[in-house]
There are 2 protein chains.
Amino acid sequence: MRKHNGKRPTIADVAQRAGVSKTVVSHALNGKRPVSEETRRRIFQAIEELGYQPNPLAQRLAGGRTGIIGFAFPLVTPGIANLEMKIIASAANVFNQENYDFLLLTHAAPGHENLRRVVQSGLVDGVILLQVRMVDPRIEILREANLPFVLFGRCADNAGLVYVDMDVEHAMHECVAHLAELGHRHIIYFHQDDRGFGLVERALKSFAEACASYQISGQTLPCGVSPEAGAEAIGQLVDHYPQATAVIFWTDIAAWGAINAAKARGIRIPEDLSLICFDRSTVAALGTFHPTAVDIRADESAALAAQMLVALLKNEPLSETQVLVRPYFVAGESTGRCPNLEM
Amino acid sequence: MRKHNGKRPTIADVAQRAGVSKTVVSHALNGKRPVSEETRRRIFQAIEELGYQPNPLAQRLAGGRTGIIGFAFPLVTPGIANLEMKIIASAANVFNQENYDFLLLTHAAPGHENLRRVVQSGLVDGVILLQVRMVDPRIEILREANLPFVLFGRCADNAGLVYVDMDVEHAMHECVAHLAELGHRHIIYFHQDDRGFGLVERALKSFAEACASYQISGQTLPCGVSPEAGAEAIGQLVDHYPQATAVIFWTDIAAWGAINAAKARGIRIPEDLSLICFDRSTVAALGTFHPTAVDIRADESAALAAQMLVALLKNEPLSETQVLVRPYFVAGESTGRCPNLEM
DNA sequence: CTGTTAGCGCTTTCAA
DNA sequence: TTGAAAGCGCTAACAG
């Protein structure tokens with residue numbers, strides 16, 4: 001039903017056709033002022049006939065909203081693409097249902113110029129921050145711009161922040177407890193190498209704490225996100241930490257490499273070595289590899305973060321502003337009793 | 001160096017501080033008119049001092065550009081997330097370098113309302129279309145809006161369109177030729193189940209043609225994108241097509257499931273059954289699985305599509321408007337001579 | 001080389 | 001319940 005005279009209809013066209021002023025049309029549309037039933041009907045008919053769609057740019061420029069949400073997503077770790085994709089898809093789903101568009105901000109720049117520009121221009125109504133660091137400069141940018149935002153992660157100081165994050169402390173504790181129960185006394189945690197990220201730091205800290213509380217000797221070593229890195233980790237284990245009988249990997253990708261490397265070296269899992277991995281979204285999802293793992297429920301968390309942001313934008317009260325999602329511990333085939341246990 | 005008086009500086013502030021008119025500032029910025037060296041210097045100094053950033057919304061509303069590119073990406077096939085993520089990352093990279101922002105349009109709606117709204121609002125300067133169908137209604141939307149766009153894929157009728165697509169005809173021919181050379185006479189192609197997509201239809205057509213030209217009996221069966229679907233395919237093969245000695249899978253994910261299922265049934269690969277897969281971005285990337293495969297070079301293609309769109313936006317002439325990227329055929333460990341070959 | 005003046009399409013006082 | 005008019009921040013004729 002669009003007029004095909006070359007230009008798309010504006011609010012003025014609608015107003016004219018309905019025989020009212022632009023003001024009334026505007027208010028009929030966003031309900032900020034009562035409009036008589038009759039007028040309202042005529043307006044919506046005109047909108048229908050003309051195929052009118054408000055222009056979000058103009059809306060925003062005039063002080064309204066754009067209906068666009070930004071997703072601040074540094075493209076740093078290509079290895080966990082699958083996980084991030086899930087997060088994006090899950091959040092996108094929620095936003096789509098709420099009629100928001102989705103601006104993916106892949107700001108690699110150190111100064112976050114990309115983010116700053118978008119935020120300051122008022123292009124987005126709200127932002128979700130991924131890859132949150134313990135001290136994250138992006139927060140300052142968003143606060144200055146006075147823009148609602150939700151963290152997918154946590155900082156060191158979270159006062160006044162709204163976030164959804166994994167309860168990594170609990171998960172890590174569970175892992176160590178599981179291994180301790182099986183009799184393991186020497187564990188290595190092959191952690192992500194990107195220091196400064198909240199998740200990484202917290203995981204390290206809770207690993208140390210959990211080991212202490214079970215009087216276990218816990219070693220931490222950095223490890224990349226690739227099968228090769230996992231294989232290398234096994235090399236390190238054999239060469240330098242023969243006393244270790246259990247390992248924890250951050251991703252199933254590295255764990256996969258580790259398991260294959262172990263097999264190649266004649267190390268049986270779980271008879272000789274127990275293994276746990278966080279995140280089973282990639283290899284473990286393929287169905288032939290069933291490690292004892294922590295399901296971090298990233299997609300659920302992402303959806304929740306999205307819902308929280310939507311609530312913020314609607315000025316709805318949030319029942320909780322800081323949510324920790326507790327991962328599922330999934331017992332698999334890669335953990336067993338400590339081999340050299342004196343009975 | 002920003003003024004912290006609450007509001008961010010506008011072009012008027014810059015103009016005032018530099019002692020010139022807004023017009024000159026505008027032109028100093030986008031170079032559409034010569035500005036004297038001295039004035040120019042003062043303007044940029046003022047910009048620096050104020051920390052001025054132009055507002056893309058206002059720019060666009062006034063007839064300029066937004067610096068935002070839309071990525072029309074229907075979230076339909078969750079199974080090949082890894083591939084799509086690569087495509088996104090690769091394109092995002094190019095756009096970032098060219099100082100464009102990146103609007104991910106996950107329009108699931110049948111009427112493409114999401115896309116239509118964004119496009120008509122003038123929010124984006126250009127669009128890249130993913131998941132192109134043989135007859136794709138989105139093209140009409142973009143043409144009406146007179147917006148530059150590049151297809152990542154092809155339609156049935158491509159007159160006047162700019163696209164980057166895989167040369168699936170060539171790749172499929174190569175696969176069949178490879179199998180024919182090894183003596184196989186009965187091949188099954190387990191194809192993607194989403195009919196209507198250009199890639200799917202073309203792959204089917206070229207499979208049939210290639211089989212004909214090698215006088216091979218070629219069967220096609222639909223197959224999902226999951227290890228389970230791959231396993232099921234092997235079941236079908238055993239139950240209904242025992243004469244087949246070679247199979248082609250669309251994704252390495254399904255191929256992975258097939259290989260494991262085959263192993264479980266005592267079918268040796270490649271001794272008893274040869275297997276080829278298109279796309280080795282997920283399982284094959286893990287390093288322990290080396291099937292004979294077709295590397296579709298999706299990331300390269302995505303980068304190319306992005307570059308082409310950028311060129312269109314800059315009004316630079318395109319050396320080629322319709323590019324077919326020829327996949328790499330990678331001989332692996334999953335293909336061998338036909339077992340029941342009469343010598 | 002520079003400035004003046006209209007808008008782009010919308011929201012929002014303020015007044016009726 | 002409605003309208004008129006003033007902007008939001010920028011670009012682009014048109015006129016010096």
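So that the names make sense, note that chain A is the first sequence line, chain B the second, and so on, each numbered from 1. The structure displayed is predicted, hence computed values, not measured ones.
- Residue K32(B) places at least one side-chain N or O closer than 4.0 Å to OP1 or OP2 of dA12(D).
- dG7(D) atom C1' lies 16 Å from atom CG of L57(B), rounded to whole Å.
- Checking side-chain atoms of T66(B) against main-chain N and O of L123(B) turns up a donor-acceptor pair under 3.5 Å.
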With a 3.5 Å cut-off and sequence neighbours excluded, list the donor-acceptor pairs that the side chains of residues 149-157 of chain B form with protein atoms.
unit_1: R154(B); atom_1: NE; unit_2: D165(B); atom_2: OD2; d: 2.7
unit_1: R154(B); atom_1: NH1; unit_2: E169(B); atom_2: OE2; d: 3.4
unit_1: R154(B); atom_1: NH2; unit_2: D165(B); atom_2: OD2; d: 3.3
unit_1: R154(B); atom_1: NH2; unit_2: M166(B); atom_2: O; d: 3.2
unit_1: R154(B); atom_1: NH2; unit_2: E169(B); atom_2: OE1; d: 3.3
unit_1: D157(B); atom_1: OD1; unit_2: A159(B); atom_2: N; d: 3.1

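- A sub-4.0 Å separation between OP1 or OP2 of dG9(C) and a side-chain N or O of T10(A) is absent.
- Under the rule for a salt bridge (charged side-chain N to carboxylate O under 4.0 Å, His left out), the partners of R41(B) that lie at least two apart in sequence or sit in another chain are E38(B).
- At whole-Å resolution of the value, CD in Q59(A) and P in dG9(D) are 17 Å apart.
- With sequence neighbours left out, R133(B) forms a salt bridge (charged side-chain N to carboxylate O under 4.0 Å, His left out) with no residue at all.
- The distance from atom CG of L29(B) to atom P of dT11(D) is 7 Å, rounded to the nearest whole Å.
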Between N or O atoms, less than 3.5 Å apart, protein on one side and nucleotides 13-16 of chain C on the other: list the pairs.
none

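- The distance from atom CD1 of I11(A) to atom P of dA5(D) is 17 Å, rounded to the nearest whole Å.
- For the pair S36(A) and dT2(D), the criterion of a side-chain N or O lying under 4.0 Å from OP1 or OP2 is met.
- For S21(B), whose side chain is taken as the heavy atoms from C-beta onward, the closest listed nucleotide among dC10(C), dG3(C), dT1(D) is dG3(C).
- I43(B) places its CD1 atom 9 Å from the P atom of dG3(C), with the value rounded to the nearest Å.
- For T39(A), the side chain to side chain donor-acceptor pair (under 3.5 Å) test picks out S36(A), with sequence neighbours left out.
- The side chain to side chain donor-acceptor pair (under 3.5 Å) test applied to D101(B) returns N114(A), R117(A), not counting sequence neighbours.
- Taking every side-chain heavy atom of K22(A) into account, dT11(C) is the closest of dT1(D), dC1(C), dT11(C).
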Validation: residues 300-317 of chain B side-chain donor-acceptor distances under 3.5 Å, sequence neighbours left out:
unit_1: E300(B); atom_1: OE1; unit_2: R297(B); atom_2: NE; d: 3.3
unit_1: E300(B); atom_1: OE1; unit_2: R297(B); atom_2: NH2; d: 2.8
unit_1: E300(B); atom_1: OE2; unit_2: R297(B); atom_2: NE; d: 3.1
unit_1: S301(B); atom_1: OG; unit_2: R297(B); atom_2: O; d: 3.0
unit_1: K314(B); atom_1: NZ; unit_2: E98(B); atom_2: OE1; d: 3.0

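- In DNA chain C, runs of at least 3 stacked Watson-Crick or G-U pairs (N1-N3 plus N6-O4 or O6-N4, or N1-O2 plus O6-N3, all under 3.5 Å) give these stems: C:1-16 with D:1-16.
- For R195(A), the salt bridge (charged side-chain N to carboxylate O under 4.0 Å, His left out) criterion is met by E201(A), not counting sequence neighbours.
- Nucleotides of DNA chain C nearest to R65(A) and R40(B) differ in position, and the one nearer the 5' end is that of R40(B).
- Whole-Å rounding puts the R41(B) CZ to dC1(C) P distance at 16 Å.
- Regarding contacts with the backbone of dC8(D), every side-chain N or O of N55(B) stays at 4.0 angstrom or more from both OP1 and OP2.
- Comparing dG9(C), dT2(D), dT11(D) by their nearest atom to the side chain of A62(A) picks out dG9(C).
- When the C1' atom of dT11(D) is taken as reference, atom CG of L61(A) falls 13 Å away, rounded to whole Å.
- Q322(B) places a side-chain N or O within donor-acceptor distance of the main-chain N or O of N158(B), the cut-off being under 3.5 Å.
- To the nearest angstrom, C1' of dC1(C) lies 13 Å from CD of E38(B).
- Between dT11(D) and S26(B), a contact under 4.0 Å exists linking OP1 or OP2 to a side-chain N or O.
- With hydrogens and angles disregarded, no donor-acceptor distance shorter than 3.5 Å links the side chain of R17(B) to the backbone of A46(B).
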